[in-house]
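Notes follow the structure.
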Amino acid sequence: MLEYSQMRIDILTLFPTMFCGALQESILKRAQQRGLLHLVIHQIRDYALDRHQMTDDLPYGGGVGMIMKPEPVFRAVRTVLGGTQAPVILLTPQGRTFTHAVAQELAQHPRLMLICGHYEGVDERVRERLIIDELSIGDYVLTGGELAAMVVVDAVARFVPGVLGAAEGAHDDSYAGGLLEGPQYTRPPVFEGRQVPEVLLSGDHARIARWKRAMALQRTLVRRPDLLEAASLSAEDEALLREFRRTLGEPDGVE
Ligand code: 9D3
């Protein structure tokens with residue numbers, strides 16, 4: 001049997017119960033059961049030393065909301081890592097945007113630590129002394145970093161060897177050409193009078209592959225033309241796109 005190296009991700013949060021459902025189903029559940037992925041959730045409050053276990057305080061200089069205090073975060077990071085090296089990453093609206101490429105890059109590390117910001121933000125000394133990278137998952141406002149951390153874990157885990165089954169992994173490779181997927185169907189062949197396209201039932205694998213490629217190109221052109229810039233396209237792909245642009249009445253590329 002093949003042995004894979006495990007990836008460990010520690011998550012520091014003030015709301016650990018938020019992680020209970022999302023990371024314990026489907027592919028992430030299987031990955032953890034197989035020992036490929038080790039997720040450990042830590043309550044930052046447990047590392048606060050004062051009697052009231054305070055984790056936030058008023059901002060110096062005034063302003064709205066509360067700021068996460070540095071001491072509990074420092075103690076949590078140092079206790080959990082205990083000298084072990086791992087990139088410590090803060091989830092924050094000010095971070096660089098998380099993408100497929102960033103997920104792939106993070107998956108190269110055997111261990112990661114994610115810190116979920118909450119309230120208006122974290123004390124700047126946490127950034128200066130503990131954090132190596134800051135990530136945002138996109139330009140919309142969340143109530144905290146927890147959901148963002150779950151998105152990061154999910155996308156990174158897919159790149160850990162063995163997490164996707166052989167079939168899922170192969171499928172991913174063949175489609176990771178940077179295009180959107182075209183329409184997909186399963187049984188029944190006719191549903192409420194709507195037929196599955198005849199080509200998919202033909203058994204002609206070459207014809208099916210060409211049709212899927214054409215549909216992927218068409219859908220990408222209509223919905224995400226920006227993706228076509230980076231996609232690796234064959235001469236046949238380019239010809240199909242010219243034809244789609246013509247029929248859609250859109251201007252052709254500069255010749
Ligand atoms: C005007 C100041 N606000 C920044 C937009 C304050 C603020 C709002 C929301 C500070 C923190 C948050 C909570 N969000 C996150 O911690 C967060 C986040 C997000 O809101 N969007 C996308 N990615 C992320 S990662 C962490």
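The shortest non-hydrogen separation linking Ala31 to Val163 is CB-CG2, 3.8 Å. Pairing each heavy atom of Asp237 with each of Ser232, the nearest pair is OD2-O, 4.2 Å. What you find for Gly178 and Ala231 is that their closest heavy atoms are O-CB, 4.5 Å. Closest heavy-atom contact between Leu180 and Arg224: CD1-CG, 3.8 Å. For His118 against Glu146, the heavy-atom pair with the smallest separation is ND1-OE1, 3.0 Å. Residues Pro72 and Ile44 come closest through the heavy atom pair CB-CG2, 3.8 Å.
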Quiz item: Does the side-chain contact (heavy atoms from CB on, under 4.5 Å) test come out yes or no for Leu217 and Arg213, once each step is laid out?
Solution: CA-CA 6 Å; Leu217 286 164; Arg213 185 73 183 174; 4.1 Å; yes
Checking side-chain contact (heavy atoms from CB on, under 4.5 Å) for the pair Leu58/Met66: CA distance, chi angles, key distance, verdict? CA-CA 5 Å; Leu58 296 164; Met66 301 293 272; 3.7 Å; yes
TODO: Please test Leu179 against Leu228 for side-chain contact (heavy atoms from CB on, under 4.5 Å), starting from the C-alpha separation and ending with a verdict.
DONE: CA-CA 7 Å; Leu179 299 181; Leu228 293 173; 3.8 Å; yes
- Check the pair Tyr47 / Val80 against side-chain contact (heavy atoms from CB on, under 4.5 Å), numbers first and verdict last. CA-CA 10 Å; Tyr47 297 89; Val80 170; 3.7 Å; yes
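By the ring-ring contact (aromatic ring centres under 6.0 Å, His included) test, His42 is found to be paired with no residue, residues two or more places apart in sequence or in another chain being considered. Arg34 meets the side chain to side chain contact (heavy atoms under 4.5 Å, CB included) test with Arg30, Leu36; sequence neighbours excluded.
The line from CD1 of Ile11 to CD1 of Ile41 is 3.5 Å long, rounded to the nearest 0.5 Å. Note that CG of Leu81 and CG of Asp10 are 6.5 Å apart. Values are rounded to the nearest 0.5 Å. Here Arg45 contributes atom CZ and Thr55 contributes atom OG1; the two are 4.0 Å apart, rounded to the nearest 0.5 Å. Ile132 CD1 to Leu112 CG: the interatomic distance, rounded to the nearest 0.5 Å, is 11.5 Å. From Leu164, atom CG reaches atom CZ of Arg158 across 5.0 Å, with rounding to the nearest 0.5 Å. Residue Phe15 holds its CZ atom at 11.5 Å from CG of Leu147, rounded to the nearest 0.5 Å.
Listed for the Thr79 side chain is no donor-acceptor partner under 3.5 Å among the backbone atoms of Ala76. The backbone N or O of Ala22 sits nowhere less than 3.5 Å from a side-chain atom of Glu25 that would complete a donor-acceptor pair. Judged by distance alone, the side chain of Gln6 and the main-chain N or O of Gly35 form a donor-acceptor pair under 3.5 Å. Using modelled atom types, no side-chain atom of Gln218 and backbone atom of Ala214 make a donor-acceptor pair closer than 3.5 Å. Formation of a donor-acceptor pair under 3.5 Å by the Ser136 side chain with backbone atoms of Thr97 is not found in this model.
With a 4.5 Å cut-off on side-chain heavy atoms, Leu14 and Gln43 count as touching. Counting heavy atoms from C-beta on, the side chains of Leu135 and Leu90 never come closer than 4.5 Å. Side chains of Glu71 and Leu49 form no contact here, defined as non-hydrogen atoms less than 4.5 Å apart. When side chains are defined from C-beta on, Leu12 does not count as touching Leu114, because their heavy atoms never get closer than 4.5 Å. Residues Phe159 and Met7 form no side-chain contact, since every pair of their non-hydrogen atoms from C-beta on lies 4.5 Å or further apart. Within the 4.5 Å cutoff, the side chain of Val73 has no heavy atoms near those of the Arg75 side chain. Using a 4.5 Å heavy-atom threshold, the side chains of Arg129 and Pro70 count as separate. Using a 4.5 Å heavy-atom cutoff, the side chains of Met150 and Val153 are not in contact.
Atom CZ of Arg125 sits in a sparse spot, with 12 or fewer heavy atoms from other residues, nucleotides or ligands closer than 6.0 Å. Surrounding CD of Gln85 are at most 12 heavy atoms belonging to other residues, nucleotides or ligands under 6.0 Å away. Few gaps surround CG on Asp226; more than 12 heavy atoms of other groups in view lie less than 6.0 Å from it.
Both Val222 and Leu241 belong to a single network of hydrophobic side chains, linked directly or stepwise wherever heavy atoms of I, L, V, M, F, W or Y lie under 4.5 Å apart. With hydrophobic clusters built from ILVMFWY side chains whose heavy atoms lie under 4.5 angstrom apart, Ile27 shares a cluster with Tyr4. Using a 4.5 Å cut-off between side-chain heavy atoms of Ile, Leu, Val, Met, Phe, Trp and Tyr, with links allowed through other members, Ile67 and Leu91 fall into different hydrophobic clusters. A continuous path of hydrophobic side-chain contacts links Tyr119 to Tyr140 [ILVMFWY only; heavy atoms under 4.5 Å].
Summarising the hydrophobic clusters (Ile, Leu, Val, Met, Phe, Trp, Tyr; side-chain heavy atoms under 4.5 Å, direct or chained), the residues clustered with Val196 are Tyr185, Val199, Leu200, Leu201, Ile208, Trp211, Met215.
Between Lys69 and Asp123 there is no salt bridge, since none of the side-chain N atoms of the basic residue sits less than 4.0 Å from a carboxylate O of the acidic one. Here Arg207 pairs with Glu198 in a salt bridge; the nearest charged N to carboxylate O distance falls below 4.0 Å. A salt bridge does not link Arg96 to Glu134: none of the charged nitrogens lies less than 4.0 Å from a carboxylate oxygen. Look at Glu243 and Arg246 and you find a salt bridge, because one of the NZ, NE, NH1 or NH2 atoms lies within 4.0 Å of a carboxylate O, short of that distance.
Across Asp133, Ile131, Ile115, a single residue satisfies side-chain contact (heavy atoms from CB on, under 4.5 Å) together with Ile89, and that is Asp133.
Between the side chains of Gln108 and Glu105, no donor N or O sits under 3.5 Å from an acceptor N or O.
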